[in-house]
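Below, read A as the first sequence line, B as the second, and so on, with proteins coming before strands; counting in each chain starts at 1.
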Amino acid sequence: MTLCFDQDVVDLARSVVGARLLVRGVGGTVLETEAYGRDDPASHSFRGPTARNAAMFGPPGTVYVYLSYGCHLCLNLVGRPGEAVLIRALLPEVGLAEMVARRGTDRQIASGPGRLGQALAISLSDSGKRFGGGEFALETGSPAPELLVGPRIGISKAAERPWRFGLAGASGLSRPFPEQSRLPARGR
DNA sequence: CTCTAGATAAACT
DNA sequence: GTTTATCTAGAGT
């Protein structure tokens with residue numbers, strides 16, 4: 001089932017958990033996401049468009065890639081203008097051998113945004129491309145999975161917003177969620 | 001488990 | 001010119 005990218009970024013972040021992500025034919029099930037809003041001090045879009053965040057202001061479904069800490073490429077899905085979903089962890093399923101080779105290890109292949117970027121061979125030049133049937137494919141599964149929710153990782157501003165979502169019961173999350181806080185099934 | 005170094009683009013002063 | 005950043009691997013306790 002195809003995903004509607006034109007929705008509130010928090011709803012979008014929840015919809016993406018459990019979806020199947022394929023980048024150039026390699027990928028798996030999304031285990032963990034975070035939402036970044038337009039009026040969100042933690043978001044790259046907070047101070048308006050710049051050269052770096054231009055893709056965040058592209059149409060819904062745009063790919064946004066940025067370089068973190070000088071060495072990690074992180075993959076985001078743009079929703080409405082200035083809003084994006086950071087994809088933080090993946091269950092490696094398709095093209096496993098290729099991902100292992102890129103990572104140089106068979107553990108923690110895509111458990112964390114930087115590791116995921118490496119496993120999927122993301123590059124800065126992917127920023128501005130589109131999620132669709134081409135290089136970047138994203139398909140939701142039929143049963144809406146049960147979700148975990150918690151505060152976002154590694155940010156210093158608006159750290160209290162519970163905008164991190166994970167697949168309940170999954171192994172391979174970048175970090176555990178606080179007290180395994182399940183999101184009520186209602187609301188999704 | 002905690003701590004630290006690393007590596008670089010872009011924003012900031 | 002300086003600081004920060006949606007992080008990770010590896011070493012140390």
Among Asp6(A), Asp39(A), Asp11(A), find the residue that satisfies the salt bridge (Lys or Arg N to Asp or Glu O under 4.0 Å) test when tested with Arg80(A).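 Of the listed residues Asp6(A), Asp39(A), Asp11(A), the salt bridge (Lys or Arg N to Asp or Glu O under 4.0 Å) partner of Arg80(A) is Asp6(A).
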
For DNA chain C, the expected dot-bracket line (Watson-Crick or G-U under 3.5 Å, [ ] crossing, | inter-strand) is |||||.||||||.

Going by ring-ring contact (aromatic ring centres under 6.0 Å, His included), name the pairs with one or both residues in [range], residues two or more places apart or in two chains.
range                       : answer
residues 13-32 of chain A   : none
residues 74-103 of chain A  : none
residues 76-130 of chain A  : none
residues 110-138 of chain A : Phe131(A)-Phe136(A)

Do [X] and [Y] have side chains that get closer than 4.5 Å, going by heavy atoms?
X         : Y         : answer
Leu96(A)  : Ile109(A) : yes
Leu138(A) : Val16(A)  : yes
Leu73(A)  : Leu67(A)  : yes

Could you state the atom-to-atom distance from [atom1] of [X] to [atom2] of [N] in whole Å?
X         : N       : atom1 : atom2 : result
Leu73(A)  : dA9(B)  : CG    : C1'   : 11 Å
Ile155(A) : dT4(C)  : CD1   : P     : 17 Å
Phe46(A)  : dT4(C)  : CZ    : P     : 17 Å
Ile122(A) : dA9(B)  : CD1   : C1'   : 18 Å
Ile109(A) : dA9(C)  : CD1   : C1'   : 16 Å
Arg103(A) : dA9(C)  : CZ    : C1'   : 9 Å
Arg152(A) : dA5(C)  : CZ    : P     : 13 Å
Arg115(A) : dG10(C) : CZ    : P     : 10 Å

Indicate whether OP1 or OP2 belonging to dC7(C) is found under 4.0 Å from a side-chain N or O atom of Arg88(A).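 Yes, within the criterion.
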
side-chain N/O Ser156(A) vs dT4(C) OP1/OP2, d < 4.0 Å: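 Looking at the OP1 and OP2 atoms of dT4(C), neither is under 4.0 Å from any side-chain N or O of Ser156(A).
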
Within the sub-3.5 Å range, which N or O atoms of nucleotides 2-6 of chain B have a protein N or O partner, and how far apart are they?
none

Does the side chain of Arg88(A) come under 3.5 Å of the side chain of Ser174(A) through a donor N or O and an acceptor N or O?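 A donor-acceptor contact under 3.5 Å links the two side chains.
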
With a 3.5 Å cut-off and no angle check, do the side chains of Gln118(A) and Arg102(A) form a donor-acceptor pair?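 No, no side-chain donor-acceptor pair sits under 3.5 Å.
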
Could you list the protein-to-nucleotides 10-13 of chain B atom pairs, N/O on both sides, closer than 3.5 Å?
unit_1	atom_1	unit_2	atom_2	d
dA11(B)	OP1	Thr50(A)	OG1	2.3
dC12(B)	OP1	Arg47(A)	NE	2.8
dC12(B)	OP1	Arg47(A)	NH1	2.8

Got a sec, which pairs hit side chain to side chain donor-acceptor pair (under 3.5 Å) with one end in [range], sequence neighbours left out?
range                       : answer
residues 154-166 of chain A : Glu32(A)-Arg164(A)
residues 53-67 of chain A   : His44(A)-Tyr64(A), Thr50(A)-Asn53(A)
residues 17-30 of chain A   : Arg20(A)-Glu93(A), Arg24(A)-Asp126(A), Arg24(A)-Glu135(A), Thr29(A)-Glu93(A)

I'd like a list of close polar pairs between nucleotides 11-13 of chain C and the protein, N/O only, cut-off under 3.5 Å.
none

So what does Ser174(A) touch, heavy atoms closer than 4.0 Å: a base, only the sugar-phosphate, or nothing?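 Ser174(A): no heavy atom of the nucleic acid under 4.0 Å.
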
Would you classify Arg107(A) as touching base, sugar-phosphate or nothing, given that sugar-phosphate means primed atoms plus P, OP1 and OP2, and contacts are heavy atoms under 4.0 Å?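 Nothing, no heavy atom under 4.0 Å.
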
Heavy-atom closest pair, residues Ser111(A) and Ala89(A):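 Residues Ser111(A) and Ala89(A), closest heavy atoms: CA-CB, 4.2 Å.
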
To check you understand the geometry: which heavy-atom pair defines the closest contact between Gly82(A) and Ser45(A), and what is its length?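 Between these two residues, the closest heavy atoms are O-OG, 2.6 Å.
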
Please list, by residue number, the residues of residues 61-68 of chain A whose heavy atoms come closer than 4.0 Å to an atom of DNA chain C; answer none if no residue qualifies.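 Here the set is Tyr66(A), Ser68(A).
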
With a cut-off of under 6.0 Å to the ring centre and 45° to the axis, is Arg152(A) in cation-pi contact with Tyr36(A)?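 Relative to the ring axis of Tyr36(A), which defines the angle, Arg152(A) lies inside both limits.
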
Salt bridge or not between Asp8(A) and Arg14(A)? Use side-chain N to carboxylate O under 4.0 Å.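 No.
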
